[in-house]
Amino acid sequence: MSDETFGDQMVAQMPYLRAFAISLCGSHSLADDLVQDTLVKAWSHADSFQPNTNLRAWLVTILRNTYFSSYRKRSREVQDSDNLLAQQIPVKGGQESALTLTDVQAALDKLAPEHKEILLLIGITELSYDEAAEICGVAIGTVKSRLNRARAKLAEHLGLLTPSDIDTDPTVSDLAARRPSRAV
Amino acid sequence: MNNKTGGREEADADGFQDADGSQLDGVALDPKVQAQLGRVFRAYCDDLIHQPIPDKFTVLLAKLEAKQREKK
């Protein structure tokens, strides 16, 4: 694979970059603009990429910084106006779950930006805690605590638990009895 | 139970598989909730990652690459 060009390597990262952008922006059209900006910037700064380091982490850094500097405000304006996840299929989260991917997006959008970001960095771009810490400019301990808070909040927004579950030690095994019933 | 420092250092790239850090900040999810959340979130991530990439991006990358070659 030594004849693989920089462009080839970038193509291989596209699914992760675009997924990250869609989830951040909550809109396909805005996400595609963001990805395009990211690719152009990456090329113009290609010589700042250290060979043998993680290309995905480098690209994600550019995309993330571009998002926060010029897309975040716009994304709040266009959200809901285009159909983010075309198919309203239920996620394969188990028979008990009637949650759709759109429900997950809506729950993510309710999170604090730093909480949403950390979930996406770990879950979508599949970067390590170390890489995520570097990208966010925080200590690894902060990454972990944000991740835990983000998970708890996401579970709450998805209706997987009652708010009291967050503050109390959930040793209660009979969780089903405490779970709010979902209309859908 | 109050194991604040015993967390594993490696990332759980698969979603929410680790139970290690859940005591941090006093935020603890029931393992069942955590597992369910992990499945739901993983499905969401996988759906996004597997969405087809529009041709315009491969075209753009090819153009950028061609431009670069011209410069050299």
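Letters go in sequence order (proteins before strands), and every chain restarts at 1.
Contact record, B:E65 with A:F6: OE2-N, 4.0 Å, taken as the closest heavy-atom pair. Of all the heavy atoms in A:V104 and B:F41, the pair that sits closest is CG1-CD1, 4.4 Å. Closest non-hydrogen pair, A:L101 versus B:Y44, comes out as CD2-CA, 3.4 Å.
Note: B:L37 CG to A:L154 CG = 5.0 Å, rounded to the nearest 0.5 Å. For the atom pair OG1 (A:T5) and CD (B:Q68), the distance works out to 10.5 Å, reported to the nearest 0.5 Å. Taking CD of A:Q13 as the reference point, atom CG of B:L61 lies at 11.5 Å (rounded to 0.5 Å). Going from atom CD of A:E156 over to atom CG of B:L29 covers 10.5 Å, rounded to the nearest 0.5 Å. In this structure, CG in B:L60 is found 8.5 Å from CE in A:M14, a value given to the nearest 0.5 Å.
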Please list, one pair per line, the donor and acceptor atoms closer than 3.5 Å that link side chains of residues 39-46 of chain A to other protein atoms, with sequence neighbours excluded.
unit_1, atom_1, unit_2, atom_2, d
A:K41, NZ, A:T66, OG1, 3.1
A:S44, OG, A:V40, O, 3.3
A:S44, OG, A:K41, O, 3.0
A:H45, ND1, A:K41, O, 2.9

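Using a 4.5 Å heavy-atom cutoff, the side chains of B:L48 and A:F20 are not in contact. At a threshold of 4.5 Å between non-hydrogen side-chain atoms, the residues B:C45 and A:E126 do not count as touching. Residues B:F57 and A:D32 form a side-chain contact, since some pair of their non-hydrogen atoms from C-beta on lies under 4.5 Å apart.
Contacts between A:L17 and chain B at a heavy-atom distance below 4.5 Å are absent for every atom of the residue. With a 4.5 angstrom heavy-atom cutoff, B:I49 touches chain A via backbone and side-chain atoms both. Looking at B:K56, only its side chain comes within 4.5 Å of chain A, counting heavy atoms on both sides.
In this structure a side-chain-to-backbone donor-acceptor pair under 3.5 Å is present from B:R42 to A:G123.
When A:V35, A:T125, A:L120 are compared by the number of non-hydrogen pairs under 4.5 Å with chain B, A:V35 comes out ahead.
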